[in-house]
Structure formats: structure tokens, C-alpha cells
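These numbers come from the heavy atoms of this one structure, side chains and all, not from hydrogens, waters or symmetry mates. This one's a predicted model, so the numbers in the text were calculated from it and none came from an experiment. Per chain, numbering begins at 1; letters A, B, ... match sequence-line order.
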2 protein chains.
Amino acid sequence: MTTLSDVAKHAGVSVSTASRVLSGQGYVSQASRIRVVDAAEMLNYAPNHMARSLRLNRTHIIGLVVADIENFFYSQIAKGVTSVAREHGYHVVLANSEENRKLESQQIQMLANLRVDGLIFTPTGGNRRQLESSFISSGIPVIQVDRRVRGLPADAVLADNVGGAQQAVEALLDAGHTRIGILAGSQLVTTGKARLAGYRRALEARGIAFDESLVGRGLFTRDSALKDAHDILCQRPRPTALFAANNILAEGAARALVELRLVAPKDISIVAFDDAPWMSAIAHPLTTVDQPAREAGRVAATLLLDRLSGGQGAEPQTVVLSPRLISRNSVGPPRR
Amino acid sequence: MTTLSDVAKHAGVSVSTASRVLSGQGYVSQASRIRVVDAAEMLNYAPNHMARSLRLNRTHIIGLVVADIENFFYSQIAKGVTSVAREHGYHVVLANSEENRKLESQQIQMLANLRVDGLIFTPTGGNRRQLESSFISSGIPVIQVDRRVRGLPADAVLADNVGGAQQAVEALLDAGHTRIGILAGSQLVTTGKARLAGYRRALEARGIAFDESLVGRGLFTRDSALKDAHDILCQRPRPTALFAANNILAEGAARALVELRLVAPKDISIVAFDDAPWMSAIAHPLTTVDQPAREAGRVAATLLLDRLSGGQGAEPQTVVLSPRLISRNSVGPPRR
DNA sequence: CGCAATCCTGGTATCGTTCCCACATCGTGT
DNA sequence: ACACGATGTGGGAACGATACCAGGATTGCG
């Protein structure tokens, strides 16, 4: 690998001068400029990122921790983040928390040691003190996406989960359903809680009593959703509709329907939170409340980059993106 | 941020000694060891990754470039790579090539400048010279996953695409189909070519003539697949079966079936390459040829790490993973 | 008791940049 | 002619870690 000093030697100038022409600041004569540029080109010079980072105390790396990169929703976020980062010459190091606080803590520590310039993550909800001491208090900006950790003074990019869930459930109510099951997911994360809250709010607004036996509070996994959906759908009388609070839960729900030989919207109506390509590619395309995940990633990255270039005030900022209902073909009148 | 010299000062020893105890090599007295460890703990010391990298000429960062992180297949690879990396204390910087050679070239250049210790990527097929000059010739190991670039002397982790496609098509042939359409995807990448080859081979083995009008050679996108599927399925007589050469193409195909009001396996039989969770969560679960993508990521990362610790010979190695047929419920006898 | 091996330590160079400072050479205006 | 600003240049000190080297202290053994 060729270094700046190689270039300087080759161009017959000092390292200082070479540095000046390549960084484009300070006075340099036209003559030297040309010779340095030529030499750099000929030697195929590329600045050493590590050395530069060390000197400038800026790594141009941002950390991204998502719950599960295999989840379409998070991979969309990752895409949004990486593309904005690239446009601005930043690198993104990716880590999975697997929805596990211990693992999240470890990943965060590694990223702190790496001296990332900023952190974007979908919090599990824990590790607040660590985040404060390793990032916030050292002035390293942190952006929370999708979820938030209580009391953490950091920017957040969220969806209106309560409103979105409410919309979804209203679509069901509007079709005449009153016994509506919900796969709410883990109540330890803000999204799970908020979506269940939206569900309750929609019911309340229509004066329908909340029925604990209709809610599944399992993990955000297909298997857990499958089991919960079974439990909910095997009750008599069977609920006539089901709301799945995210795309993974929707997969579990869909699988349960197949196993129970139920087809939407004939036998049961179903609405999901989060959109995914397969939902519109099936025989009876799923009605969903879509949140712009890739956009969320882009917004998060933009917010972070703004912070890094000194923009924005000191106050943590929260951006709320509005989910929107996409009506397809999984909602009909209640059976019988 | 506290530095090693802070720790040393606090412990009343020299930087050298502090370094020795923390890196665990060289002679250190029990007394100094304890004092340094205590000081480090108290000051919450974490070594500066950049300084260390600069000195050691080892970044402990590996680059990962995938075609599209939103594609479930690639996100599985990413998960495999990141988890192995984490287990060994490596960081992964993620980039998307978007199936675009220009973009891939840019990303690769950025990673080279970052001085990653190694590169794992799903090649578009181009940029061979750049890869050779920026990585191979500097001794930076490169692992190709899923695809390969012709003539690049680098390790590769591949699926048996010809065999897998052949298996898929045979499942269709075994059910009695003779007019089988294929969404083959871009013929510019090795997977696209190989899967088409497997298709042809399966037909030949049964003495069935290859019919150009039954093959779609569009891009690896849903929209392109949708269009190609339409073209193929609107022919008279209509082909009785369809093979989609990857999971995205399968989504496009599924959408086309919905639009044409065709349901598998009654009206048409369908088999896909690559598995995805939704495929088993639909009314008529898709029969697929599954390739172990996460495993491929793990293998690639392991191979890379081996190379980094000086293992393996100089010869580039190729690992071939076997896809396996998962029979579900999208294949039946030909209609009429 | 002497000498070598072992243990322990601090000083210093180094990785490749950037940036500050000193110094030299120009003009240009008074 | 002199001062002073604008240009242009190179030297050298950082950034934070590691590693080599020299030298002092301690031990072991004949």
C-alpha cells in the first residue's frame, strides 16, 4: 500500500505539501499541485482510513444494531441507512441484537470501542446506563429507530404505532367484526405495547369490551405467533378477525390459517402491521398497515449525519412517521 | 475517552507496562498487574481500535457486499457472516451493490481504503481487475458467496445451482409436466446461467425439446418476473408448470398467478429456488429447492477467518453446498 | 561467590495522517 | 526603501497503541 510519504517523495515535495494538495486546504502552487496529483494517480494512492481516523478523531463509521437483519422490516431499515451513509462517505457496521439485551450490550460495547461516530439502533429497551456512559455522555449521537428506551435522551424515529394499530383494527370493526383477536408480540418493547394500546383504543371507541383471551403476548417470532394464533382461533365461538402486530407475526398467523384450513376473507378476516412483498403476492392479498421502513432508515441516517456536522440543537428530537392502511383482500364481513 | 497513558499514569507505571498487562504478553509483576487492571477498570478504559489497527496493520473489520440486503436470501447470508464475525471479535461493514457493477466498484474501493482485513461478497461478475489489484495482490483474502467472478483467484462458497435447478424441474417432470416455463433471471450472473442450465439438463434427460419461448431472462426483480411470468403464462397452449429461479422471482410469479386467477397446484404447478418463510405460510405452500443461506454466510466467514489466521494453503478453495428439495403443495398433475 | 538465566521495567521508534509553526519569497501600497 | 500581507514550503509534534531494546533487579546453580 502506498502512503502519502511515497507520493510526496515521488512528486519531490514534502509530506505537508502533499497532504495540503490532497486535502485541498492551505496554499499550494499550481506546479506542486499538479505533480502531487499525478504522483498520487500513478501510485494509485488512497489515504489510510485508520491513520486519518486516529488523527482526526473521526472514524466515518456508524454503528447499526438491529433486532434481526433477516426480518424484512429491519433489512429495509438497513438499506435506508446504508444508502444514505454511502452517499455521504460513511461506512456502516452491522450487528444483530437478536432481541437479546445481553447481546445488545455486547454489540454496543464493541461499537463504542471501535469509536464509531454515531449509533443507530432498534433498542431492546435495556442498557440505558451503558448507552448514556458510552455514547451520550461522550457526545456521540445515538438515534433510536422503531422502538425507544425509556428515559434515554436521544433522537428517535418512530412510527405512530398506536394510531396505526387503531387504523388496522378499525378496518376490521368497519367490516362488522366485534370479536377480534390480536397477536401483540412481546410487551417488553414499545412497539408491542403501543400496538396493543391502539387495539384497545379502537375497541373502546366502539364500546366493545376488551377480552383478555383474545390477545397473544408471545415473542416476536413465527413459532410463537403460530402457537398464539392457534390458541386464539380455537376458541368457541371463534373470533371472526385477527390483527397481527407485525410482519413476522403475520407469517405465523398465515401459517395457522393454513393449518386450520381457514381462508381469508371468507372464513376469517385478517390485517397485519408492516407490509412485505409476499403479502400482496398471495391468493388473497393481505390488508396491512404499512410503515415506511426504508424511509425510517434514511431519516435516521440523515438525522445522525446532521448531528455529526453540528446541525440541530442539543435537544433530542423525535420524528414520527405515519403508517398508512393498504386495503387489499383479506377483510370481509364476519362469518355467520 | 481514557487512553492507555491515563491508565499507566493512574497505576504509577509506564505505558509499556500497562500495555503488557492489558495485552497479556511479556513479563509483568503481580503487583503492577493488579494496579493496572484496577486503574483500567476504574477509568473504564477501552483500547482505541483505530490506534491499534494503525499500529498492527490489522483492522479486525471485514467487508460484506451483498446484492440487496432486503432480499431474504442475502439477509440470511449477512446474518451468518455477522454472527461468526462477532464470535471472533470482528466487525462487519455492510454495503449493497444493488446488482450494479459501478456501485459495486465504488463500494469495494471504499472498503479497500478502509483497509478491511478481508472481503466477503456476492459478486455482480465484473470488477475483476479492481479486486485483484485492491485485494488479492495485497494479500487481503476475498471470499465469493453465491456467485463467482470468472477467473478471480479467490475462495468461493456456492450452491450446486445446476443440480438444484435440475432437481426442481425433475419434480415437475415427475408429476407429468412437459411444457415447463422458467423465470431464469439475469444471464449475466453465474446463478442465473447455472439454473437455466440445470433446467435444460433436466429436460434433455427426458428428451424434451428446449423451447425458447418458455424462458424469461429478465432481471432479478419482482416486476421483471411479473412481466415475464405474464408473457410465459399467456401463451396458448399455456405451460402447465413454472420454475422460478430464486425467491424474488417466485414472488413475481406468485403475483402473476393471482392476477391471472390461477391457483397452484390445481391450475398450474410451481417450484421455486430458495426458500423463504412466506412460502410455507400460504394456502398452497410452495415446493422449493432450499439452499442453506445462513450456513453459506457462516462458512464464508469461517473460511475468511481461517485465512486471516494463516490457515489454509495458497490455493483458492471452493465449497459447494447442496440445495435440497422441500416438497410442499404446489405441484400436481398437469391440467387437462 | 560469581555468572548466567530469568524476571521486570521504562524509553523510544513506529504506523500514516493532519495541523501548527517557522521561515522564505513574492507583490503592493505608502 | 520599508512594512506588511498574501503565498508557498518543509519540519515536527501530535493521535493511541505496540514492540523492540537496553538495562536493572532477582533468582538459581555450580
Quick one: B:Lys9 NZ to D:dG16 P, roughly how many Å, whole number?
-> 11 Å
What is the distance, rounded to the nearest whole Å, between atom CD of A:Gln25 and atom P of C:dT17?
-> 15 Å
Just how far, in rounded Å, is P of D:dA17 from CG of A:Asn113?
-> 11 Å
When rounded to whole Å, the CG to P distance for the pair B:Leu22 and D:dA17 reads 9 Å
Approximate separation, where rounding is to 0.5 Å, of B:Leu304 CG and B:His88 NE2 | 11.0 Å
Check the distance between C:dT18's C1' and A:His49's NE2 and give it to me in whole angstrom.
-> 15 Å
Heavy-atom distance under 4.5 Å between the side chains of B:Ile61 and A:Ile61, does that happen here?
-> yes
Residues A:Arg20, A:Ser32; criterion side-chain hydrogen bond (donor to acceptor under 3.5 Å, both in side chains); working and verdict = CA-CA 10 Å; A:Arg20 269 187 297 259; A:Ser32 324; over 6 Å; no
Heavy atoms under 4.0 Å is the rule here; annotate nucleotides 7-15 of chain D 5' to 3' with B where the base is hit, S where only the sugar-phosphate is, and - elsewhere.
-> BBBBBBBBB
Protein-nucleotide distance (A:Leu4, atom CG; C:dT18, atom P), rounded to Å | 7 Å
Provide, to the nearest angstrom, the distance between the CG atom belonging to B:Asp6 and the C1' atom belonging to D:dA17.
-> 13 Å
Taking atom types as modelled, find out whether A:Tyr74 and A:Asn96 have a side-chain donor-acceptor pair closer than 3.5 angstrom.
-> no
Do A:Arg55 and B:Met50 touch side chain to side chain, with heavy atoms closer than 4.5 Å?
-> no
Could you pick out which residue, A:Tyr45 or B:Ala18, lies toward the 5' side of DNA chain C when each is mapped onto its nearest nucleotide?
-> B:Ala18
If we ignore angles and hydrogens, is there a donor and acceptor under 3.5 Å between the side chains of B:Ser14 and B:Thr17?
-> yes
